[in-house]
Number of protein chains: 2
Amino acid sequence: MIEFKKKFYFYPVKAEWSYMKKAKEPKEKDITTEGKIKEAARTVFHKKGYAATRTRDIAEEAGINLALLNYYFRSKEKLFHIIMTETLSGFMQHMVVVLNDEKTTLEKKVELIAASYIDLLLRAPEVPVFILSEIRNNPAILMEKIPVKQLMFHSVFFKQHQKAVTDGRIKEPSPLHFLMNLIGLIVFPFVASPMLKKIGSIKDKDFNQLMQERKKLIPVWIKAIMKANAK
Amino acid sequence: MIEFKKKFYFYPVKAEWSYMKKAKEPKEKDITTEGKIKEAARTVFHKKGYAATRTRDIAEEAGINLALLNYYFRSKEKLFHIIMTETLSGFMQHMVVVLNDEKTTLEKKVELIAASYIDLLLRAPEVPVFILSEIRNNPAILMEKIPVKQLMFHSVFFKQHQKAVTDGRIKEPSPLHFLMNLIGLIVFPFVASPMLKKIGSIKDKDFNQLMQERKKLIPVWIKAIMKANAK
DNA sequence: TCTGAATTTAATCATTTGATTAAAATATTT
DNA sequence: AAATATTTTAATCAAATGATTAAATTCAGA
């Protein structure tokens with residue numbers, strides 16, 4: 001902390017530094033320099049990942065001088081941390097809200113999650129690979145920020161699932177299989193889309209069409225899976 | 001090409017340079033220096049990806065001098081290319097063979113693929129994220145090496161799927177949905193495993209257990225999906 | 001064992017890259 | 001308008017990193 005002061009005493013004092021700020025919602029059409037840098041960082045980090053990203057890439061994408069990036073965000077790492085936190089929480093938020101809704105049934109939750117996530121992913125298709133590959137390099141990122149564990153096991157979803165199992169409406173008792181299947185069916189096409197587009201020679205428009213179909217199909221498939229009996 | 005000669009005229013002439021060699025199967029317990037470097041490169045690249053990997057990391061992992069790496073493989077990029085090619089073809093091979101078997105039914109193919117891929121992934125769980133994140137940075141890698149497209153659309157699997165659709169045994173006509181579902185159900189838990197292990201506080205042993213269960217469950221679920229009707 | 005080829009090493013280079021500095025330009029306040 | 005604070009720039013630094021060189025060592029065959 002002393003080092004902090006020593007290192008930056010020559011900088012002007014500002015009420016609220018970017019790297020101290022709480023993450024805030026990105027959709028404010030921020031045209032301040034700081035906002036431009038953050039948007040550029042989001043774009044480049046999401047596309048290339050932390051290690052392959054050069055701070056110069058971000059500066060160029062933002063149309064600013066490289067020094068400005070360090071002026072506003074102190075370091076590549078701090079800037080990345082902000083982007084990662086926002087990306088992760090943005091991605092989890094939907095899920096957690098839906099999973100904890102008291103009013104909706106399990107079946108309805110599946111419909112809501114499928115539709116809202118597919119829409120979300122169509123807008124930001126690079127996000128899943130970004131998250132998964134960055135977590136590989138630093139699994140601690142997760143723990144650090146999000147208390148997903150209790151949100152999951154104390155969720156309304158979890159209780160509804162247990163109930164459905166005891167009622168016999170779901171044959172496979174593990175909620176983890178259920179979640180893996182649901183999220184997998186939703187997310188996997190997006191992480192595999194570069195392969196799909198090559199292998200299946202799918203154009204972007206066709207891919208979108210397929211994903212639109214899956215909004216309806218996944219809930220149907222999940223219901224079929226629920227009833228399926230392995231024995 | 002002239003530059004090539006000029007740059008390396010001082011190197012001893014060798015019959016077959018590593019970077020010229022065809023990819024060969026990795027399981028030969030290669031204890032030559034060249035083999036050690038390749039094994040180390042595979043380990044480090046798979047774990048950290050191209051951009052985050054330092055050639056010094058590979059050298060250290062292999063227990064050799066950094067210069068040796070360049071002596072045997074010319075450059076980081078060439079070494080990476082070898083690893084990527086081997087990894088990709090190793091990953092596709094299983095699939096292509098099974099999909100083109102004349103003797104097995106569609107249902108049997110699903111069982112075979114689920115079981116063999118889950119076993120494969122339990123041995124090399126980092127491979128899917130490695131492939132997917134590297135393809136993101138360079139989608140051309142795929143095209144370059146593997147003629148998957150025709151292998152897919154002229155496969156026995158593809159014809160069997162079409163037949164099953166016209167026979168009414170499969171409700172959703174798109175073979176792409178079928179493949180996305182199958183591969184997604186198999187692969188997704190592995191790419192998401194760091195999250196699962198945090199969120200679900202799953203130990204490695206529990207994860208293995210879950211994956212063993214999925215060998216049996218996925219074929220059952222896929223059959224249920226086949227019968228499920230959206231209308 | 002001798003000789004040339006193959007392998008390995010230590011030292012070093014050149015470039016890239018994240019970060020910093022000090023000064024210039026711009027905006028804000030008095 | 002003058003003074004002060006904030007933002008932006010160009011120049012530069014230091015460390016990291018991929019690559020190269022030349023010399024030393026080991027190995028294979030005559």
Side-chain angles (χ1 to χ4, degrees), chain A residues 3-21 30-38 40-41 44-45 48-83 137, chain B residues 2-21 30-41 44-45 48-83 137:
Chain A
E3 220 210 347
F4 172 87
K5 275 186 184 163
K6 192 174 140 228
K7 251 176 149 177
F8 291 90
Y9 64 90
F10 51 86
Y11 279 126
V13 178
K14 210 182 149 188
E16 239 198 342
W17 284 94
S18 302
Y19 56 84
M20 296 171 175
K21 278 187 201 164
D30 205 342
I31 47 132
T32 63
T33 300
E34 192 185 315
K36 279 194 300 181
I37 296 173
K38 238 175 72 176
V44 180
F45 278 139
K48 317 217 286 183
Y50 179 81
T53 294
R54 306 290 97 112
T55 50
R56 282 164 175 83
D57 300 342
I58 298 174
E60 192 187 0
E61 172 84 22
I64 52 106
N65 189 289
L66 170 60
L68 262 184
L69 185 149
N70 289 291
Y71 174 78
Y72 279 105
F73 296 95
R74 287 289 306 286
S75 73
K76 178 188 179 186
E77 211 182 323
K78 289 212 171 63
L79 178 52
F80 176 77
H81 200 268
I82 292 169
I83 300 300
N137 294 335
Chain B
I2 284 181
E3 220 211 345
F4 172 87
K5 276 187 183 161
K6 193 176 139 225
K7 251 176 147 177
F8 292 89
Y9 64 90
F10 52 82
Y11 277 128
V13 177
K14 211 182 148 187
E16 238 198 341
W17 283 95
S18 302
Y19 56 84
M20 297 172 176
K21 277 187 201 167
D30 205 341
I31 49 133
T32 63
T33 300
E34 192 185 315
K36 277 194 301 181
I37 296 174
K38 237 175 73 174
E39 276 317 304
V44 181
F45 279 139
K48 318 215 287 183
Y50 179 80
T53 294
R54 307 290 99 111
T55 50
R56 281 164 175 84
D57 300 342
I58 299 175
E60 193 187 1
E61 172 83 23
I64 52 106
N65 189 288
L66 170 60
L68 261 184
L69 186 150
N70 289 290
Y71 175 77
Y72 278 105
F73 296 95
R74 289 288 307 286
S75 74
K76 179 188 178 186
E77 212 182 321
K78 289 211 171 62
L79 177 53
F80 176 77
H81 200 269
I82 291 169
I83 300 300
N137 294 335

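In what follows, chains are A, B, ... by sequence order, proteins preceding strands, each numbered from 1.
- Closest contact between the side chain of Ala67(A) and the listed nucleotides dT8(D), dT7(C), dA10(D) involves dA10(D).
- The line from CD1 of Ile58(B) to CZ of Phe73(B) is 9.5 Å long, rounded to the nearest 0.5 Å.
- Proximity of Arg54(A) to the phosphate of dT16(C): no side-chain N or O atom is located under 4.0 Å from OP1 or OP2.
- For Glu77(A) and dT17(C), the CD to P distance is 18 Å, given to the nearest whole Å.
- The side-chain heavy atoms of Leu79(A) and Phe45(A), taken from C-beta on, include a pair separated by under 4.5 Å.
- In this structure, Phe80(A) places its CZ atom 13 Å from P of dG18(C), rounding to the nearest Å.
- Rounded to a whole Å, the CD1 atom of Ile58(A) is 13 Å from the P atom of dT17(C).
- Summarising the geometry, the separation between CG on Leu69(A) and P on dA10(D) is reported as 16 Å, rounded to the nearest angstrom.
- Comparing atom distances between the Lys76(B) side chain and each of dA10(C), dA19(D), dA10(D) picks out dA19(D) as nearest.
- We find that CG of Asn65(B) is positioned 20 Å from P of dA6(C), with the value rounded to whole Å.
- At dG18(D), one or more side-chain N or O atoms of Thr55(B) fall inside 4.0 Å of OP1 or OP2 (strictly under the cut-off).
- Considering CD of Glu77(A) and OG1 of Thr55(A), their distance stands at 13.0 Å, rounded to 0.5 Å.
- At dT8(C), one or more side-chain N or O atoms of Tyr72(B) fall inside 4.0 Å of OP1 or OP2 (strictly under the cut-off).
- Side-chain atoms of Arg54(A) come within 3.5 Å of backbone N or O of Ala51(A) as a donor-acceptor pair.
- Following rounding to the nearest Å, Glu60(B) (CD) and dT8(C) (P) show an atom-to-atom distance of 18 Å.
- Residue contacts for Leu66(A): at a heavy-atom cut-off of 4.0 Å it reaches a base atom on one of the strands shown.
- Protein atom OH of Tyr71(B) is 17 Å distant from nucleotide atom C1' of dA10(C), rounded to whole Å.
- The side-chain tip of Lys76(B) points at the ring of Tyr50(B) from less than 6.0 angstrom away and within 45° of straight on.
- The nucleotide whose nearest atom lies closest to any side-chain atom of Asn70(B) is, among dT9(C), dT20(D), dA19(C), dT20(D).
- Of the candidates dT9(D), dT8(C), dT6(D), the closest approach to any side-chain atom of Leu68(B) belongs to dT8(C).
- Distance Ile64(B) CD1 to dG18(D) C1': 14 Å, rounded to the nearest Å.
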